[in-house]
Amino acid sequence: PPPRRAPLSSQRWLQLLLLLLPPLGWMVVVYLGSLAILLVWSFWRLDTFTAQVVREFGLDNFKRLAEVDIYRTVVIRTIRIAGLVTILDALMAFPLAYYMVRVSSARTRSLMFMAIMMPLWASYLVRAYAWRLILAEDGPLNWAFESIGLGGLSLGFSEPAMVIVFAYMWLPFMILPIYASLERIPGNLLEASADLGGRAGVTFRRVVFPLALPGIVAGSVFTFSLTLGDYIIPPLIGNSQFLGNVVYSNVGVANNLPLAAALTFVPIGVMAVYLLVARRLGAFEAL
């Protein structure tokens, strides 16, 4: 008699294929497909006379991005503030994560986790508007500084205000990867460094920081990318323009979809380079 075919449960490769087919299909069709459509649209152009999209291949949109000063200014501002937010979050997150891993008790650690995650339960817009009130000229922050004789800060509608709000918004996304990487450091490595005469500074520089670097880079991927693509906080807090705002204005106001498609490839390109660097530094192992 002909041999019986193995049941599906024994064909591991087929089970794996059936398991991964829906998410892979979704990613290829929806995610990569939408990027392919954006790429095609970015080479078309808008006829300013008829307001119709001319479906002819060309580099007019990319030349405009390189030649027009306002676009270069927006790109530089967006990348600069995203970098500042990432650095500020790393400086605040590292000591917090280190305290949670090496110093705090289990109860204190749980309370700190709740305090870190609790803001994420509130609406993004509610938190943004709350910070707008806090940083306003007649807000509680200015009142507190004036009460102790330091004068008003006048941070409302400024770039420092944006940096503060962005750093607050994305801080949990920096703390958690750093906490995960610090938790993986064996305690006997720190003891061995101390036994060999390494002081606290030497131990941090040669043991703790190199092993925690993948977590820092992993957290920076979140903070940098989230700041890079935000379009709500810049006009609301800083009265300024980011790449996301320019894309939105070209889609909803000017109806220049080809230029908007070309603009979207600026943050995509920046993040592609950033992710390649992060991968070289082992950031994905800390996620």
Side-chain angles (χ1 to χ4, degrees), residues 68-97 99-100 108 111-176 178 219-220 222-254 260 263 266-267 270:
V68 178
D69 291 339
I70 184 64
Y71 294 125
R72 291 202 301 269
T73 302
V74 170
V75 170
I76 293 172
R77 180 192 300 129
T78 304
I79 296 175
R80 174 167 51 83
I81 292 182
L84 288 174
V85 170
T86 300
I87 294 172
L88 184 60
D89 273 344
L91 293 176
M92 292 190 296
F94 195 94
L96 284 173
Y99 177 83
M100 292 168 65
T108 303
L111 293 175
M112 292 184 70
F113 266 120
M114 289 183 60
I116 292 168
M117 301 301 295
M118 193 174 296
L120 300 179
W121 302 345
S123 169
Y124 174 88
L125 284 175
V126 170
R127 288 182 287 152
Y129 271 103
W131 271 104
R132 179 174 177 173
L133 295 176
I134 292 171
L135 298 174
E137 187 174 350
D138 55 348
L141 188 62
N142 273 359
W143 173 84
F145 274 84
E146 289 175 356
S147 299
I148 59 177
L150 295 179
L153 293 178
S154 301
L155 288 176
F157 297 106
S158 64
E159 285 193 2
M162 282 196 297
V163 172
I164 292 172
V165 177
F166 275 131
Y168 163 79
M169 291 288 189
W170 315 137
L171 183 59
F173 299 97
M174 179 66 81
I175 293 176
L176 297 180
I178 295 178
S220 72
F222 292 112
T223 56
F224 189 83
S225 61
L226 290 171
T227 307
L228 199 67
D230 197 281
Y231 67 97
I232 295 176
I233 288 178
L236 186 65
I237 304 298
N239 196 20
S240 183
Q241 291 284 319
F242 263 32
L243 276 170
N245 305 110
V246 179
V247 172
Y248 176 78
S249 62
N250 277 282
V251 172
V253 180
L263 276 166
V266 176
V270 172

Nearest-0.5 Å distance, [atom1] of residue [X] to [atom2] of residue [Y]:
X    : Y    : atom1 : atom2 : result
L133 : D138 : CG    : CG    : 9.0 Å
F224 : I87  : CZ    : CD1   : 10.0 Å
I116 : L171 : CD1   : CG    : 7.0 Å
I76  : L243 : CD1   : CG    : 11.0 Å
W131 : M169 : CH2   : CE    : 9.0 Å
I70  : Q241 : CD1   : CD    : 7.5 Å

So do the side chains of [X] and [Y] get within less than 4.5 Å of each other, counting heavy atoms only?
X    : Y    : result
S225 : W170 : no
R127 : I233 : no
Y231 : V247 : no
F113 : L176 : yes

When you measure from the side chain of N245 to the backbone N and O of F242, does any donor-acceptor pair fall under 3.5 Å?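 The answer is yes, because a donor-acceptor pair under 3.5 Å joins these two groups.
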Please name the residue in the list V85, I79, T78 that meets the side-chain contact (heavy atoms from CB on, under 4.5 Å) test with I81.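 Testing I81 for a side-chain contact (heavy atoms from CB on, under 4.5 Å) against V85, I79, T78 leaves exactly one candidate, V85.
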L96, L88, D89 screened by side-chain contact (heavy atoms from CB on, under 4.5 Å) with M174, the one that passes: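 Of the listed residues L96, L88, D89, the side-chain contact (heavy atoms from CB on, under 4.5 Å) partner of M174 is D89.
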Work out which heavy atom in A128 is nearest to a heavy atom in L236; give both atom names and the distance.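 In this case the closest contact between A128 and L236 is CB-CD2, 3.7 Å.
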Between Y71 and V246, the two heavy atoms sitting closest are CE2-CG1, 3.6 Å
Does the plane of the ring in F222 sit parallel, tilted or perpendicular to the ring in F173? Use 30° and 60° as the thresholds. tilted
Tell me if the OH atom of Y124 is crowded by more than 12 foreign heavy atoms within 6.0 Å. yes
